[in-house]
Each structure stands twice: as structure tokens, then as C-alpha cells.
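First comes the structure, then the notes that go with it.
To find a chain, count down the sequence lines: A is the first, B the second, and so on, and within it residues start at 1.
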There are 2 protein chains.
Amino acid sequence: MTVSQQVSVLERLQTDGVLAAACPTRTVLDHVTSKWGVLLLVALSESSRRWGELRRDVEGISEKMLAQTLRTLEGDGLVHREVTATVPPRVDYSLTPLGTDLVSRLLPLMEWILENADDILAP
Amino acid sequence: MTVSQQVSVLERLQTDGVLAAACPTRTVLDHVTSKWGVLLLVALSESSRRWGELRRDVEGISEKMLAQTLRTLEGDGLVHREVTATVPPRVDYSLTPLGTDLVSRLLPLMEWILENADDILAP
DNA sequence: CGGGATCCATACTGATACTG
DNA sequence: CAGTATCAGTATGGATCCCG
């Protein structure tokens, strides 16, 4: 990414929002960067997952926050919820096209964190 | 990004951490995606800024969270703090090379949010 | 100007119990 | 299996006042 591109993004962030309070993009940013939102989106990046799988994939998440975060992401149109009316019931979660697009921007960031976590926490 | 790349990133996230609890990368992720951390990093993306400038740039941030978040980011080696001992005192904040590198991964995400916020919140 | 200290409200977490 | 409901404890954020 060139410097001129960086500047233009920053300028648009200032005028259109994000850095401005009360801007709708703040809400989206909060959802996307929420503690569990990122991890769930990443966990869904490869394939659709069932409730119990997500609960195991994302270690440490409580059932309450799992349900709450999934509902938020579903409401944002990032995650698709599909119920199969069987006994026992089966519910699959998957990324929507919008969610897939978002995750493609998210994974480079996660990869960076993975590679640099040691540098950050070591000193 | 290809599918094979996505899979490899996810697999490394599962084995090396992030999705695993008690992993150091979780801490880094929390700092980077903290409510104000993202906005401050972006605000610093173009040039170094003074305390008062950041306070105005990032609308809605309280002085407490500004100080707290800046100290965290400084401790993570992402932000550099430079004090000029004058009267009145002057303190400048800027991105470290590590911080600059991180922001280059962060801006595409912010740009995506900017472009898709309407689609997410409208329905 | 650039913070630190304090108090309060909210959000999150954890444990448990219950349901279709 | 996939949740919902509730309560209690904790962590986090915000508002305010104060200081060198």
C-alpha cells in the first residue's frame, strides 16, 4: 500500500465517519472488532460450523456470549443461521457473501498478529 | 486471497493460538481490536499527533481511555511517546515501525467497513 | 497542556437450571 | 443438541475533579 492510499483512507475516515462519534460505522466497527466477534468470524472462515463446534473451536466463550454474538453477527448480515428440524435439532452457521468478504480483510490482520505476537509481548 | 491460503491461516490460528484460550495472541488481539485502540492507530496512520489532537481526532474518547489506550499501545511497542520538556509541556505520539506495519493491515479493514456499513445497518 | 485519581454505570462472565 | 433464563460477581468504560 502506497502512502497516498493511506492518506486518502484516513481522510475518508475523518469525513465520512469512524473517527467521528455518533457515526453508524462506529457501530459496525464495534461489532466486527468485538472480543468474540472476530474469533467467531475467523472460526467460520473455512466452513460452516454447528453450535457445539463453535463452542469448542472458540475456547473460553460462554454459551451466553456465543448466542449473543452470533445473533449480532446474524443481524448484521455477516453470518447465516440454518436450522434443520430434526431430533436432535441441528443448527449450522456459515458466512454470508458479505461475511466472507469481511473475513478476507480480517485474515491478513490475524496472520500479522500471529507472526508478531512474540515481538509485542516479549519486551 | 486463495482458498488454500485461507485454510492455512485458519489452521495456524487453531494450532498456534487465538482460537485457543490462554494464548498470548489473544492478549494482542484484545489490544489491537479494543474499542479505542483501532481508532487511535488509524488516527496516527498519517502523521504523529499531540495528545490534544488525538483527543479531538477520535471523537467521544474520554481522557481516561485515551491515556490508558495510549499506554497499552506504547507498552506493546506499536506507538512511540515523545515528551518535550517545555512550558506548557508537549507530548507527541507516533507509530513505531511495528505499528506502521500493523496499520497497513488495518486500513483495508477500515475501508471495507466504510464501504459496507450501510449494507450492514440498513436492513 | 497532559495527564492521574476517584467514583459510578454498564458490559461481560460464570454457574446453574430448564426447555423443545 | 441447541439453546434460553436468571442471578451474582467482576472487569471495563465514562464523568468528574484535581495537579504539576
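Residue A/Arg55 is classed as having no contact, given no heavy-atom separation below 4.0 Å to the nucleic acid.
Considering only residues two or more places apart in sequence or on other chains, B/Arg50 meets the side-chain hydrogen bond (donor to acceptor under 3.5 Å, both in side chains) condition with none of them. Shown here are the side-chain hydrogen bond (donor to acceptor under 3.5 Å, both in side chains) partners of A/Asn116, two or more places apart in sequence or in another chain: there are none. With sequence neighbours left out, B/Trp112 forms a side-chain hydrogen bond (donor to acceptor under 3.5 Å, both in side chains) with A/Asp101. For A/Arg56, there are no salt bridge (Lys or Arg N to Asp or Glu O under 4.0 Å) partners, not counting sequence neighbours. Residues passing the side chain to side chain contact (heavy atoms under 4.5 Å, CB included) test with A/Val91, sequence neighbours excluded: A/Arg81, A/Val83, A/Tyr93. In this structure, A/Arg105 has no side-chain hydrogen bond (donor to acceptor under 3.5 Å, both in side chains) partners at least two apart in sequence or on a different chain. Scored by the salt bridge (Lys or Arg N to Asp or Glu O under 4.0 Å) test, A/Glu63 finds A/Arg55 as partners (sequence neighbours excluded).
Dashed line: the shortest gap from a side-chain N or O of A/Arg71 to OP1 or OP2 of D/dT4 is under 4.0 Å.
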Do nucleotides 6-20 of chain D as a string where each nucleotide becomes B, S or -: B if the base has a protein heavy atom under 4.0 Å, S if just the sugar-phosphate does, - if no protein is that close.
-> -B-----BBB----B
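Residues from residues 80-88 of chain B that place a heavy atom under 4.0 Å from any atom of DNA chain C, listed by number: B/Arg81, B/Pro88.
Between B/Val38 and the choices B/Ile113, B/Val103, B/Leu106, the side-chain contact (heavy atoms from CB on, under 4.5 Å) rule is met once, by B/Leu106.
For DNA chain C, the outermost nucleotides in 5' to 3' order that have an atom under 4.0 Å from a heavy atom of chain B are C/dC1 to C/dC7.
A donor-acceptor pair under 3.5 Å is absent between the side-chain atoms of A/Thr84 and the main chain of A/Thr86, judged by distance alone.
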Show me, pair by pair, the donor-acceptor contacts under 3.5 angstrom made by side chains of residues 66-74 of chain B, not counting sequence neighbours?
| residue | atom | partner | partner atom | Å |
| --- | --- | --- | --- | --- |
| B/Thr69 | OG1 | B/Met65 | O | 2.6 |
| B/Thr72 | OG1 | B/Gln68 | O | 3.0 |

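For the atom pair CG (B/Leu54) and OG (B/Ser48), the distance works out to 9.0 Å, reported to the nearest 0.5 Å.
Side-chain contact check for A/Leu107 versus A/Glu111: every heavy-atom pair is 4.5 Å or farther apart. The shortest side-chain heavy-atom distance between B/Leu29 and A/Met110 falls under the 4.5 Å cut-off.
Taken over five-pair windows at either terminus, the axes of the helix from C/dC1-D/dG20 to C/dG20-D/dC1 are inclined to one another by 50° (rounded to 10 degrees).
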